[in-house]
K.L.:
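This structure is in structure tokens; I'll ask about it shortly.
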2 protein chains.
Amino acid sequence: MKYIIVGAVAGGASTAARLRRLDEQAEIIIFEKGEYISYANCGLPYYIGDIIKDRNKLFVQTAAAFNKRFNIDVRISTEVIAINPSAKKITAHKQTTQEVYEETYDKLILSPGAEPVRPPLPGINSEGIFTLRNVNDTDYIKAYVQQKHVSKAVVIGAGFIGLEMAENFHALGLDVTVIEMINQVMAPVDYPVAAFVQQHIRSKKVKLRLNTAVTGFTKTQEHIEVALNNGEVLFADVVILSIGVRPDTRLAAMVGLQLGPAKGIQVNEFLQTSDQDIYAVGDAIEFENPITHQSMITYLAGPANKQGRICADNVALGNVRSYKGSINTAIVKVFDMTVGTTGTASKHLKAAGIEHIVSTTHNASHAGYYPGAKQMTIQLAFTPKEGKLLSAQIAGYDGVDKRLDVFASYIKQGKTVYDLIEFEHAYAPPYSSAKDPVNMAGFVAENILLDRLRVFYWNELEQLQSGDLLIDVRRKDEFEAGSIDDAINIPVDELRERLDEIPKDKKLYIYCEAGLRGYLAQRILRQNGYEAVANLSGGYYLWKTCTTEKCLLNKANPILV
Amino acid sequence: MKYIIVGAVAGGASTAARLRRLDEQAEIIIFEKGEYISYANCGLPYYIGDIIKDRNKLFVQTAAAFNKRFNIDVRISTEVIAINPSAKKITAHKQTTQEVYEETYDKLILSPGAEPVRPPLPGINSEGIFTLRNVNDTDYIKAYVQQKHVSKAVVIGAGFIGLEMAENFHALGLDVTVIEMINQVMAPVDYPVAAFVQQHIRSKKVKLRLNTAVTGFTKTQEHIEVALNNGEVLFADVVILSIGVRPDTRLAAMVGLQLGPAKGIQVNEFLQTSDQDIYAVGDAIEFENPITHQSMITYLAGPANKQGRICADNVALGNVRSYKGSINTAIVKVFDMTVGTTGTASKHLKAAGIEHIVSTTHNASHAGYYPGAKQMTIQLAFTPKEGKLLSAQIAGYDGVDKRLDVFASYIKQGKTVYDLIEFEHAYAPPYSSAKDPVNMAGFVAENILLDRLRVFYWNELEQLQSGDLLIDVRRKDEFEAGSIDDAINIPVDELRERLDEIPKDKKLYIYCEAGLRGYLAQRILRQNGYEAVANLSGGYYLWKTCTTEKCLLNKANPILV
């Protein structure tokens with residue numbers, strides 16, 4: 001058998017290595033249009049920020065080592081420019097010699113990846129404006145930053161890579177501004193989770209410009225002038241465009257392989273394209289999302305690598321293994337914070353018409369009495385009937401990645417909030433509490449499902465009617481340090497004795513700091529004949545964070561440093 | 001309804017709080033023979049070691065606060081000394097006043113916990129010999145260590161608490177010796193995992209005496225003399241007895257409640273004892289282990305707390321919720337290391353007659369190119385047919401707790417190694433690799449199940465026959481730095497060209513450092529007509545650690561510092 005693989009990063013390299021393990025005799029050729037194979041995409045921002053100091057560490061494999069170990073014919077700087085599916089041939093162009101030649105294949109695997117979006121704005125090709133996708137981009141940016149003694153960076157797009165670049169530029173001592181078209185950072189997460197991140201970014205003196213678009217660039221002697229849609233102009237020495245990527249489907253389209261509604265290469269469960277001898281993996285394919293059942297593209301290294309292994313099995317052994325789609329588990333370090341998501345955010349569930357309940361909890365990363373415990377915020381979404389988990393999003397510090405992985409395992413398996421309750425975690429004081437934040441999120445979700453807890457949300461407070469009663473059940477000192485307008489204060493520990501202060505005919509809205517005391521207050525009230533009682537999900541802490549961020553957003557000049 | 005709860009730590013306190021949330025009108029009395037309720041058992045060693053500096057932090061709840069918040073009648077320093085099940089009454093003894101009185105109940109919940117084993121050795125009641133179970137014990141130990149200016153500590157029993165005490169005494173600058181009767185530390189884990197821990201403990205200059213029993217103590221003017229079964233005598237200023245605990249079933253036995261084969265209080269799935277009005281939770285109950293189906297006692301805070309919630313639901317709402325048993329997920333910090341287990345160790349599976357395969361992998365905690373990645377060792381056990389996960393044990397540093405929790409979620413749900421492969425974790429370089437250690441463990445286990453990988457084990461090397469060929473496939477420099485006796489060196493990258501050096505009629509045993517290159521070598525060899533090829537599970541690294549530890553154990557004087 002002769003296998004040709006197009007693209008030698010993540011998915012392509014994984015496929016090649018696995019193919020060799022399955023078939024020692026096969027001829028395997030892997031084409032890579034760039035100079036490097038199997039490099040550490042996800043490490044590139046950290047090399048720019050000098051967190052990774054040794055450039056060699058970016059290379060998981062060199063072409064020579066890969067060839068030696070796997071007996072794979074690695075052809076770098078060689079682009080596959082055409083496919084002839086009926087003749088089962090590809091045409092390759094070797095950039096160094098300009099040689100153009102053909103190769104036949106029995107099976108072809110496409111792993112072309114994605115390419116950064118570069119909108120046709122005036123001046124976008126000016127010196128000092130970069131996208132970051134591969135090692136060459138990285139080398140250019142690093143050299144530019146070092147040689148030009150830059151001091152001001154503008155990062156356009158507050159997605160994962162944008163925020164990583166903001167952090168790494170900041171680590172280099174640059175003055176950093178992040179510009180984002182929508183009203184929040186990190187589009188894949190819901191607003192409340194993003195609000196915590198934004199607050200943290202501002203605390204690092206990085207300027208955030210949300211709801212802001214760039215209209216063009218002008219390169220002057222001194223600066224790059226970045227024009228904004230509100231008429232302002234920012235001055236930058238270096239600009240990173242991180243507004244997104246799109247699948248590289250040029251080859252696929254050229255041959256007439258079927259593309260899907262999300263404009264990626266359409267594959268079946270075996271990762272086979274519309275041509276039975278051509279398979280595809282990685283950032284260029286689209287697949288049914290197991291939660292929304294909508295076809296979507298996943299730009300993540302984890303799924304790409306796993307697809308490589310599945311694809312190799314199917315190519316070598318004949319469609320033996322199904323790919324089941326990605327739940328889009330993703331995580332990012334943003335300065336000291338860790339933020340991540342698994343499953344489908346509430347806003348995307350809404351857009352897909354999927355009914356769900358949202359619940360927010362705050363818990364310590366480990367036992368509060370052991371040094372170093374940090375708070376994390378967990379937002380779950382689940383179906384109102386079965387309690388099936390649809391997503392979990394977490395913002396916090398230590399231990400966020402752990403809980404996200406646990407939630408990912410439950411969501412991947414189609415489990416419910418009831419399963420979270422039974423999760424039997426590893427507990428010792430440095431690692432968790434006797435009840436893990438995952439258990440706690442499950443307990444609260446279950447209480448909602450069983451109507452032991454009725455909740456309302458931070459953005460519903462504006463809809464309270466004049467006759468409604470808002471009760472802050474925190475301690476007096478907490479209340480006095482800051483509360484929600486029009487709230488009265490009855491600490492939960494005094495509630496039983498002060499029931500006569502609360503009229504029975506009013507709708508009661510309760511809040512505490514995080515949600516627990518509000519829940520206890522609700523239990524007391526409902527068992528004392530108060531029926532219309534709701535508790536603020538996520539508590540004052542969530543409300544305060546979200547409303548502060550909203551407020552900054554609505555100001556004429558939203559820059560607070 | 002009137003509920004009486006006996007024992008106000010973990011299980012008892014959880015039950016009480018949940019009962020109140022479910023039933024605002026009930027009368028709830030909780031008896032605690034000690035002075036403190038709901039304290040942080042698991043934090044006690046760290047308070048002794050000054051890691052937790054503020055004693056107040058040990059108290060999750062005070063009796064007064066618990067009463068105020070939950071309207072629960074908390075009676076501390078009051079022991080329940082008798083139960084009259086037919087009259088539904090208990091007899092209480094208040095220690096401060098010597099008052100003895102009765103209380104009736106509708107439902108009684110027992111949460112008596114466990115008590116430390118104190119074997120009847122000569123001199124065991126000498127001054128300076130302590131067990132550690134509650135706040136009083138802690139206060140005594142801390143005061144003794146401070147006031148007596150102790151410099152030498154002997155910890156008897158190398159279980160979780162013993163090792164935590166060793167670490168905390170070491171943190172105080174004491175010279176520490178740990179004595180353990182069996183041939184390894186941490187009885188719940190298998191030998192190879194314990195071997196890594198032992199190596200780490202020795203690196204901290206803590207002396208480990210394995211396979212060693214204490215025969216008695218003599219208190220002299222200067223020291224406590226600790227006599228060992230090999231005739232040696234150790235000198236100590238303070239001794240901690242941490243050889244285990246047993247369930248406190250005195251009350252239960254007195255009333256004739258059914259005890260189980262493990263000598264704990266027998267409960268049904270609703271945590272109800274043989275008396276339908278008496279429930280029990282925590283360290284004193286036994287329950288069917290979901291993996292071995294043997295009845296066992298679980299001495300862990302997590303399950304106790306979760307049982308409390310289940311028990312309260314059943315008591316208040318009428319047996320609505322089943323307890324499903326514990327998979328005994330446990331973790332311990334041992335100096336810089338983290339070690340943990342979930343499910344049933346291989347040695348216990350063997351003892352229970354459960355057929356299983358063991359597989360060991362070593363992986364980095366996060367992307368190797370990002371600073372701070374640390375290696376961890378994962379040992380899985382799974383069934384040979386379905387690949388159902390039976391246990392996971394991990395020894396390492398950063399990220400061990402995370403993977404343990406993920407494995408726990410899969411084991412709890414009865415999942416297989418195939419599910420591990422599909423685990424979609426949160427990947428960014430500071431947190432993981434594109435293929436998580438959990439995925440990698442799954443890949444290797446699957447390769448074994450599908451006969452793509454045949455393994456042998458570190459303790460089988462002695463059984464190699466004279467005609468067998470042992471091949472080290474690491475690089476030459478690695479081989480020369482240390483290898484297994486009689487091995488020849490053919491680096492995997494040279495294997496394809498050097499096949500003629502390997503006779504076809506011999507059994508081949510292959511190893512590399514961690515296992516991956518050995519697997520690749522095996523794929524090459526088996527596809528070149530070599531059938532009898534086995535790869536050393538866990539590689540040279542595991543073999544070296546285990547054999548070094550075995551060797552120390554067999555020496556006359558096994559103390560290496």
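Excluded from the calculations below are hydrogen atoms, water molecules and symmetry mates; all remaining heavy atoms, backbone and side chain alike, are included. Proteins come first, then strands; the chains are lettered A, B, ... in the order of their sequence lines, and each starts at number 1.
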K.L.:
Between chain B and each of Gln522(A), Lys412(A), Glu494(A), Arg69(A), count heavy-atom pairs under 4.5 Å; write down the option with the most.
P.N.:
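The option with the most such pairs is Arg69(A).
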K.L.:
Less than 4.5 Å apart, any side-chain heavy atom of Lys68(A) and any of Arg496(B)?
P.N.:
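The answer is no; the side chains never approach within 4.5 Å.
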K.L.:
What pair of heavy atoms forms the shortest contact from Lys435(A) to Ser14(B), and how long is it?
P.N.:
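In this case the closest contact between Lys435(A) and Ser14(B) is NZ-OG, 3.5 Å.
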K.L.:
May I ask you to decide if Gln527(B)'s main-chain N or O and Gln25(A)'s side chain share a donor-acceptor pair within less than 3.5 Å?
P.N.:
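Indeed, once roles are kept as given, a pair shorter than 3.5 Å links the two residues.
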K.L.:
With only heavy atoms counted, which part of Val332(A) is less than 4.5 Å from chain B, the side chain, the backbone, both or neither?
P.N.:
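Contact with chain B involves the backbone of Val332(A) alone.
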K.L.:
Ala40(A) versus chain B, heavy atoms under 4.5 Å apart: side chain, backbone, both or neither?
P.N.:
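Contact with chain B involves both backbone and side-chain atoms of Ala40(A).
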K.L.:
Would you indicate whether the side-chain heavy atoms of Arg21(A) and Tyr519(B) approach each other to under 4.5 Å?
P.N.:
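Contact flag for Tyr519(B)/Arg21(A) side chains = yes.
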K.L.:
Which bit of Leu520(A) is near chain B, if near means a heavy-atom gap under 4.5 Å: side chain, backbone, both or neither?
P.N.:
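Side chain only.
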K.L.:
Does any heavy atom of chain A fall under 4.5 Å from the side chain of Asp54(B), the backbone, both, or neither of them?
P.N.:
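Neither part; nothing is under 4.5 Å.
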K.L.:
Measure Ala301(B) against the heavy atoms of chain A and call it side chain, backbone, both or neither at under 4.5 Å.
P.N.:
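Both the backbone and the side chain of Ala301(B) come within 4.5 Å of chain A.
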K.L.:
Roughly how far apart are Lys306(B) NZ and Asp436(A) CG, rounded to 0.5 Å?
P.N.:
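With rounding to 0.5 Å, NZ (Lys306(B)) is 7.0 Å from CG (Asp436(A)).
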K.L.:
Roughly how far, to the nearest 0.5 Å, is CG of Leu22(B) from CZ of Arg523(A)?
P.N.:
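If I round to the nearest 0.5 Å, the distance is 6.5 Å.
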K.L.:
Quick check: do Tyr369(B) and Cys42(A) have side-chain heavy atoms less than 4.5 Å from each other?
P.N.:
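With C-beta onward as the side chain, the pair touches.
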K.L.:
With a strict 4.5 Å heavy-atom criterion, list every residue of residues 421-433 of chain A that contacts chain B, or say none.
P.N.:
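Hits under 4.5 Å: Ile421(A), Glu422(A), Phe423(A), Glu424(A), His425(A), Ala426(A), Tyr427(A), Ala428(A), Pro429(A), Pro430(A), Tyr431(A).
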